[in-house]
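Just so it is clear, the values below take in all heavy atoms, side chains as well, and ignore hydrogens, waters and symmetry mates. Order of listing sets the numbers, starting from 1, for every ligand and every atom in it. As the structure is a prediction and not an experimental result, all values here were calculated from the model.
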Amino acid sequence: MPTLILADLHANRAALSAILLTPEARDCGSVVSLGDQFNYGPCPAECLAMLRDFCEEGGRSLTMLQGNHEERLPHLGEPALRGVNWALLRWSAEQIGDGLLGLPKDVRLMDGRVWCTHGTPGDPDHLVDEEGVRAVLDTLPDNCRLLLSGHNHIRWRVRHAGREAVNPGSAGMWEDSPGCTAPFGILQNRDDGSPSVSLYTVPYREEDLLCDYLQSGCFHTDPVIPRIALTVMRTGSRHTMLHYIRHAHRVAERMGGDMGEPAVWQAADASWPWADGLCSEAFWARLESEHRQLCE
Ligand SMILES: [Fe+2]
C-alpha cells in the first residue's frame, strides 16, 4: 500500500487535518513524518494525537523521525536555548511531554531502496539546498534510489546519477507558495519494484490557523516566531524563517553575545524588517481583536 510522506509539520493542525482528509492520504497503509513535527505552530499535542488516531483507526503504521527541533528536546535547560525566542520551544515541549523523545534520525524503506531523513543522513540539522543534495545522493549505499528529506521547508525533486532526492515541502510552513497550502507526498512501488513519490498540495483555511494561534497560548508565549510563521503562510516569503534566524546570528555576533541571551533576540526582533506592516504591532492588535470574536 502507498505511504503518506509528511515533512516539517510544525504543529499546524489546520494543515494536517486537510492532508489527512484527502483520498490520497486515506488510501495509505503507513505514514512517515520526516521530522520537525512540533514547534513554531500552535497545536503540538493535537497534531500528535491526530496523527496517532489516523493511524490507529486505519490500521496504519506511523514512523516519526527526529528533526532539528526534536533534536533539541534533551537540551532545553542548556544556555544556548535559554533565550527569549526559545520560550516557544519550551512551551511546545511542555505540550507534548515525552511524545517525541528518542525518535530515529533515519529510516530506510523498501529493502533499503528509500532513505528517509530530516536534513541529511545522520544529521537532522544539516541544511542543504537543491545543489548540495546532489553530493548527498552520491554518499548513499549502492542499492538506495530515493532520498526523502525535509528541513528546508521548500519542495524539490532533484535527479542525479540515477538517483532521486525529494523534499515534499513543509506540511505546516511551506515557504514556497503564497496562501495556506499544505504539501505532502505519496510513496509507492512502481511495477518494476522501484520507488516512486508523487507530490500533492491541499489548501486549508487561514482562519483556522489564526484561531489555533490565538487560542493556544503559543502566540503569547513568544509572538515573534508565530508572526514569521503567519507571514510565511500568507505571502509565501521564501526562506523567511531561515533569514530571520540568520539575522539573529549576525546580531549576536555584532553584540558579542550568543543565541542564548534574551537581549540578542530582542535586538534581532527590533531590527528585523517586518514586511509591509504585516507584522507590525498595530497589524497584530487589529488581527487579534478581529479574530477573538471569530474564534470564540
Ligand atoms: Fe522545520
Trainee: Quick one: closest heavy-atom pair of Met255 and Ala267, and the distance?
Mentor: SD-CB, 3.8 Å
Trainee: May I ask you to check whether His153 brings an N, O or S atom to under 2.8 Å from the Fe ion (ligand 1)?
Mentor: yes
Trainee: So, of the N/O/S atoms that Asp36 has, which is the nearest one to the Fe ion (ligand 1)?
Mentor: OD2
Trainee: Which N/O/S atom belongs to Asp8 and is the closest one to the Fe ion (ligand 1)?
Mentor: OD1
Trainee: Angle class for the His118/His151 ring planes (parallel below 30°, perpendicular above 60°, tilted otherwise)?
Mentor: tilted
Trainee: Ignoring hydrogens, what is the shortest heavy-atom contact between Leu103 and Gln66? Give both atom names and the distance.
Mentor: O-NE2, 3.0 Å
Trainee: Is His118 close enough to the Fe ion (ligand 1) that one of its N, O or S atoms comes in under 2.8 Å?
Mentor: no
Trainee: Testing the 3.5 Å rule here: is there a donor-acceptor pair between the side chains of Asn12 and Tyr204?
Mentor: yes
